[in-house]
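One structure is given below, encoded as structure tokens.
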Number of protein chains: 2
Amino acid sequence: MKKLSINDIARQLNVAKSTVSFILNGKAEEKRISRELSKKVLEFAEQAGYRPSQLAKSLSTGKTQMICLMVEKISDHFFSHIAYHLEALAYKSGYKIIYCSTENDPDKARELISVFRTRQVDGYIITPPVNIDAEIRDLLNDNLPVVLFDRYLPDTPTDYVGLDNYNGTREAVEHLIAAGSKRIALVTLNSGQTQMLERLSGYMAAIKRHKLKPLVLKGHFEDEMEATVKLTVQFLKDNADVDAILFATNYLALSGIKAINELGLNIPTDIAVIAFDDHDVFNIFNPPISAIAQPREEIAKQLFNTLLDKLENKESLKVVRKIIIQPKLVLRGSTR
Amino acid sequence: MKKLSINDIARQLNVAKSTVSFILNGKAEEKRISRELSKKVLEFAEQAGYRPSQLAKSLSTGKTQMICLMVEKISDHFFSHIAYHLEALAYKSGYKIIYCSTENDPDKARELISVFRTRQVDGYIITPPVNIDAEIRDLLNDNLPVVLFDRYLPDTPTDYVGLDNYNGTREAVEHLIAAGSKRIALVTLNSGQTQMLERLSGYMAAIKRHKLKPLVLKGHFEDEMEATVKLTVQFLKDNADVDAILFATNYLALSGIKAINELGLNIPTDIAVIAFDDHDVFNIFNPPISAIAQPREEIAKQLFNTLLDKLENKESLKVVRKIIIQPKLVLRGSTR
DNA sequence: ATAGTTAATAAAACCGGTTTTGCAAGTCAA
DNA sequence: TTGACTTGCAAAACCGGTTTTATTAACTAT
């Protein structure tokens with residue numbers, strides 16, 4: 001019951017295995033192999049249910065048809081959805097995806113990249129933690145396709161697919177102001193990652209344009225939800241005049257909503273709420289939560305196409321593309 | 001800048017590559033290779049930063065150190081968390097995980113299994129759709145380790161890690177009854193999968209034990225959330241006496257909560273709510289939603305250990321283990 | 001002294017493909 | 001009619017490892 005190999009076919013038909021290989025790869029004509037023999041081999045392979053070993057193929061071609069998807073945490077709502085869409089796209093092109101979570105730890109990320117290199121994956125889709133510029137550069141130097149997303153490395157030019165975070169928060173704040181909010185806070189993370197900085201910039205820009213006073217709370221990535229809730233409760237107590245909050249991630253928003261509930265404040269009468277990055281459940285809340293939505297399928301599509309182009313087109317390795325996708329401000333009941 | 005191979009090392013040191021292989025694999029002693037040569041090779045490899053090709057290794061050993069994780073949908077809250085925990089466990093043992101989503105489509109599942117077979121993954125962790133008994137049996141016949149989870153195939157004995165679904169719903173209903181509910185509905189899916197049937201059975205058992213009348217609404221897996229909300233709204237209108245609902249999945253619960261909100265009913269005064277499968281956001285709702293929690297990390301641990309045992313221990317392939325994990329009823333404000 | 005061990009390593013076969021090179025027979029042109 | 005070119009396929013090399021078998025020199029026992 002063991003799988004049959006190209007050698008078995010060659011032996012059983014009394015044909016050289018190179019010939020069999022050519023025929024099975026559609027190079028029969030090019031290699032001037034008789035129609036007769038070609039047919040014989042094809043029929044035999046078909047009837048025997050021959051499946052070439054991807055492993056052997058990879059070893060000789062150097063292509064594994066595998067893509068590394070390295071994200072912060074695969075269980076995160078955003079990343080797991082990106083993973084879902086990427087899988088569908090990869091599938092159509094014969095690629096498989098291996099995922100891994102960095103937990104935002106540069107050491108872990110480095111180690112993971114090293115492992116994937118020995119596995120010779122064909123390309124990388126990465127949400128980089130800080131300080132892995134060197135490893136990313138190594139990949140690029142070895143002509144391995146890399147596309148970053150969600151955040152990028154300012155000092156290392158690479159292909160990148162990301163949201164227009166700046167515009168996302170800017171527009172959200174503009175909307176809040178237009179709807180009458182006067183005291184708008186931003187709850188974000190104490191993070192140096194580009195997407196967070198951009199979100200902060202967008203907020204600041206809109207606030208300043210309207211000559212309002214900025215008010216920013218910075219939580220910590222590692223914190224448990226309870227800690228963040230506490231932090232937000234205290235923040236709201238200390239700043240009782242806040243009439244709108246923009247949350248820089250959906251998890252911060254969830255903690256924030258809990259904090260608002262605990263304080264017995266009403267959304268949106270007492271306080272308007274907008275979350276960055278939409279979440280399935282935002283629509284369920286009462287009132288439903290407005291969000292700056294990231295078009296996840298579009299992001300996945302751009303990621304995959306960018307990578308695929310580099311995988312199939314050597315020339316493409318030399319160009320560096322930045323693809324910036326516009327967010328959608330989805331207004332629901334949590335804003336006036 | 002190309003990677004150096006075992007051949008390069010052998011050539012540069014004027015040593016047979018078999019010798020190098022033995023030394024690098026710690027078989028120097030066993031193969032009676034001089035301490036001197038051994039040291040020379042090890043030092044050279046170390047300083048040259050030699051990394052053996054996993055591909056070549058796989059081809060000759062037949063082991064790829066890869067595991068296929070086949071779930072219904074990788075973006076699902078439950079599955080993405082299982083994926084997360086599995087990754088951490090696999091990492092420690094040198095395994096990598098390739099995921100794929102079946103969308104509950106047997107044809108897609110079959111195709112995926114075929115692809116993974118040509119890639120020679122070492123083992124499979126699968127949430128099977130119905131009607132893929134034949135393919136699972138084929139895997140087992142070829143001595144490939146397979147562990148099912150979440151649901152199993154009644155006609156095909158395999159290793160399995162799953163929740164005690166029956167007890168989960170049974171206890172939840174018992175709790176509702178003890179808290180005073182008289183008219184308890186179950187909202188579930190129109191699905192023949194074992195986990196759904198078990199949840200239904202547990203509900204029925206508790207209902208009957210207390211001589212209550214069962215009331216079951218069956219939604220459809222493929223439905224959009226809006227459709228499910230509508231269905232639930234109508235159901236609640238048609239059955240105004242319902243004072244408690246048990247939702248058989250967390251997505252059904254989310255739709256249900258929306259339906260309840262739309263009808264202006266109060267949780268838990270008008271209607272108590274318990275969801276099967278806990279969700280990060282349940283704690284955020286006001287009131288927070290009670291749930292029958294699946295110990296995800298424990299499930300992942302059992303899955304991985306079961307698989308690993310079969311991967312490393314030939315004998316273990318012959319035994320079939322069913323591991324049933326007890327759920328935890330997490331009571332929050334949505335029940336009285 | 002000679003066969004039999006053993007130590008230490010080299011050589012070769014194998015895993016299952018792809019790709020380059022080789023070769024015999026037939027065809028064509030000079 | 002003979003060298004050059006094509007046809008159609010076989011043979012071999014290669015990808016980078018693991019594992020089995022072979023070889024040689026020194027050592028031991030008879």
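Order of the sequence lines sets the chain letters (A, B, ...), proteins ahead of strands, with each chain counted from 1.
- Separating the CG atom of B:L59 from the C1' atom of C:dC15 is a distance of 4 Å, rounded to the nearest angstrom.
- Applying the 4.0 Å criterion to OP1 and OP2 of D:dT18, one finds that B:S21 has a side-chain N or O inside that range.
- The listed nucleotides are C:dT9, D:dC9, D:dT20; the one nearest the side chain of B:I33 is C:dT9.
- For B:T19, a side-chain nitrogen or oxygen approaches OP1 or OP2 of C:dA10 to under 4.0 Å.
- In the interface, the side chain of A:K31 is not paired with the base of D:dG8 through any donor and acceptor atom under 3.5 Å apart.
- Using a 4.5 Å heavy-atom threshold, the side chains of B:K57 and B:Q65 count as separate.
- Across the protein-nucleic acid pair, B:E36 atom CD and C:dA7 atom P stand 17 Å apart, rounded to whole Å.
- Nearest nucleotide to the A:N7 side chain, out of C:dA10, D:dG17, C:dG16: C:dG16.
- Rounded to whole angstrom, the span from the CG atom of B:L4 across to the P atom of D:dC15 amounts to 13 Å.
- Within the 4.0 angstrom heavy-atom criterion, only backbone atoms of the sugar-phosphate kind lie near A:N14; the bases stay farther away.
- Rounded to a whole Å, the CZ atom of A:F22 is 12 Å from the P atom of C:dT21.
- Using a 4.0 Å cut-off, some side-chain N or O of B:N25 falls inside it from OP1 or OP2 of D:dT18.
- Side-chain contact between A:H77 and A:R296: present, with at least one pair of heavy atoms (C-beta onward) separated by less than 4.5 Å.
- Per the geometry, NZ belonging to A:K57 stands 10 Å off P belonging to C:dT19, to the nearest Å.
- At least one side-chain nitrogen or oxygen of A:Y50 sits closer than 4.0 Å to the OP1 or OP2 atom of C:dG17.
- Side-chain atoms of A:T306 and A:Q302 include no donor-acceptor pair closer than 3.5 Å.
- Set against D:dC9, C:dT19, C:dG16, the side chain of A:L37 has D:dC9 as its closest nucleotide.
- Donor-acceptor pairing under 3.5 Å, judged by distance alone, is present between the side chain of A:K17 and the base of C:dG17.
- One interatomic measurement links the two molecules: CD1 of A:I9 to P of C:dG17, which rounds to 8 Å at whole-angstrom precision.
- For the pair A:L55 CG and D:dG17 C1', the interatomic distance rounds to 11 Å; values are reported in whole Å.
- Taking only distance into account, the side chain of B:S34 never meets the base of C:dA8 through a donor-acceptor pair shorter than 3.5 Å.
- One interatomic measurement links the two molecules: CZ of A:R32 to P of D:dC9, which rounds to 11 Å at whole-angstrom precision.
- Looking at every heavy atom in both residues, B:D8 comes nearest to B:K3 through OD2-O, 4.1 Å.
- Place A:S60 and B:S60 on DNA chain C by their nearest nucleotides, and B:S60 ends up nearer the 5' end.
- Screening B:L69, B:L86, B:L308 for a side chain to side chain contact (heavy atoms under 4.5 Å, CB included) involving B:L303 leaves a single residue, B:L86.
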